[in-house]
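Here the structure is laid out as structure tokens; the discussion comes afterwards.
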Amino acid sequence: MPGPAERRRLLDGLVRPPVEAAPFLLGKVLVRRLPGRELSVRIVEVEAYLGADDPAAHAYRGRTARTEPLWGAPGTVYVYFIYGMYFCLNISVEPEGRPGCVLVRAAEPVGDSAGLLAVDACRGPGRLCRTLALDTGHSGRHLFDAAAGLTLREAPPPARIQTGPRVGIRRAAERPLRFFDPTSPAVSLHRPLPPARRPRRTR
DNA sequence: ACGCTGATGCTCT
DNA sequence: GAGCATCAGCGTC
């Protein structure tokens with residue numbers, strides 16, 4: 001669990017508008033406490049979802065029981081269920097009372113978790129929640145509540161950040177609100193940069 | 001490598 | 001009843 005100073009710096013980053021809070025989260029480490037083990041993953045891909053201006057955002061239709069956490073204090077967790085099989089993790093940002101959020105789309109295992117998990121275990125929002133065992137039971141909890149079993153730690157930001165259109169939406173699909181670390185193999189829809197080549201024989 | 005499709009169930013109209 | 005902030009598997013090139 002982060003100490004008070006680290007917590008304050010993280011909250012300072014999250015209290016800003018989604019377009020700033022989203023890239024702020026890149027490089028930060030999600031720590032998931034589970035019975036018997038702790039998983040640490042570095043966030044490498046996120047998307048910003050705005051409020052009333054953004055028809056793709058869940059908050060666009062107004063408050064409901066499901067979307068209520070979006071209006072919570074910065075750092076409030078919002079998890080929703082989609083396509084009958086998957087959960088997606090969001091972090092509410094902006095001051096309490098505003099519904100902006102950041103979707104965590106992908107992360108790469110770090111520390112001990114790098115040896116336990118496949119590099120692609122958290123590549124994509126559905127896989128990330130499956131690997132971290134997150135579901136709608138976590139929605140409405142706060143990252144800095146010990147009871148959440150999920151917290152955030154500071155870590156160095158990526159050297160470069162790339163932006164692009166958000167994935168999998170129909171409305172407002174052109175806005176460049178996706179942010180990712182282009183060097184990470186854990187980014188979803190990752191296309192290998194050099195054309196694929198068969199391993200070259202040396203010797 | 002790339003594109004399409006089915007699975008699956010909750011949420012809101 | 002339609003749509004959905006997904007993913008794995010399959011078919012085609």
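Chain letters run A, B, ... following the sequence lines, proteins first, then strands; residues in each count from 1.
- Rounding to whole angstrom units, CD of residue A/Glu47 and C1' of C/dT6 are separated by 12 Å.
- In a base pair of the Watson-Crick type (N1 to N3 plus N6-O4 or O6-N4) or a G-U wobble (N1-O2 and O6-N3), with each distance short of 3.5 Å, B/dT8 is matched with no nucleotide.
- Nucleotide B/dT13 holds its P atom 13 Å from the OH atom of A/Tyr60, rounded to whole Å.
- Comparing B/dC12, C/dA5, B/dC10 against the side chain of A/Phe81 picks out B/dC10 as the nearest.
- Listed nucleotides: C/dA5, B/dC12, B/dA7. Nearest to the side chain of A/Met85: B/dA7.
- Closest approach to the A/Arg130 side chain among C/dA5, C/dT6, C/dA8 is made by C/dA8 (side chain taken as heavy atoms from C-beta onward).
- At the heavy-atom level, A/Arg170 lies under 4.0 Å from the strands shown only through sugar-phosphate atoms.
- Computed from coordinates, the A/Asp120 CG to C/dC7 P distance equals 11 Å when rounded to whole Å.
- Residue ring and base: A/Tyr86 does not count as stacked with C/dT6 (centre distance below 5.5 Å and interplanar angle below 30° not both satisfied).
- Of the candidates A/Arg8, A/Lys28, A/Arg7, A/Arg9, A/Glu154 forms a salt bridge (charged side-chain N to carboxylate O under 4.0 Å, His left out) with just one, namely A/Arg9.
- Looking at heavy-atom distances under 4.0 Å, A/Arg166 makes no contact with the nucleic acid at all.
- In summary, the aromatic rings of A/His58 and A/Tyr80 are positioned with their centroids under 6.0 Å apart.
- Both distances falling under 3.5 Å, in either a Watson-Crick or a G-U wobble arrangement, place C/dT12 opposite B/dA1.
- Stacking is found between A/Tyr49 and the pyrimidine-like six-membered ring of the C/dA5 base under the 5.5 Å centre-distance and 30° plane-angle cut-offs.
- Of the residues A/Glu45, A/Arg123, A/Glu108, the one that meets the side chain to side chain donor-acceptor pair (under 3.5 Å) test with A/Ser184 is A/Glu108.
- The listed nucleotides are C/dC4, B/dG9, C/dA5; the one nearest the side chain of A/Tyr83 is C/dC4.
- Of the candidates C/dC4, B/dC12, C/dC7, the closest approach to any side-chain atom of A/Arg66 belongs to B/dC12.
- When atom types are taken as modelled, the side chain of A/Thr64 and the backbone of A/Thr67 share a donor-acceptor pair closer than 3.5 angstrom.
- In this entry the distance linking CG of A/Leu89 with C1' of C/dT6 reads 15 Å, nearest Å.
- Separating the CZ atom of A/Arg105 from the C1' atom of C/dT6 is a distance of 8 Å, rounded to the nearest angstrom.
- Taking the side chain of A/Arg127 as heavy atoms from C-beta on, and the options C/dA5, B/dC12, C/dA8, the nearest nucleotide is C/dA8.
- Here the side chain of A/Glu47 pairs a donor or acceptor atom with the backbone of A/Val167 at under 3.5 angstrom.
- A/Tyr80 contributes a side-chain N or O that forms a donor-acceptor pair with the base of C/dA5 under 3.5 Å.
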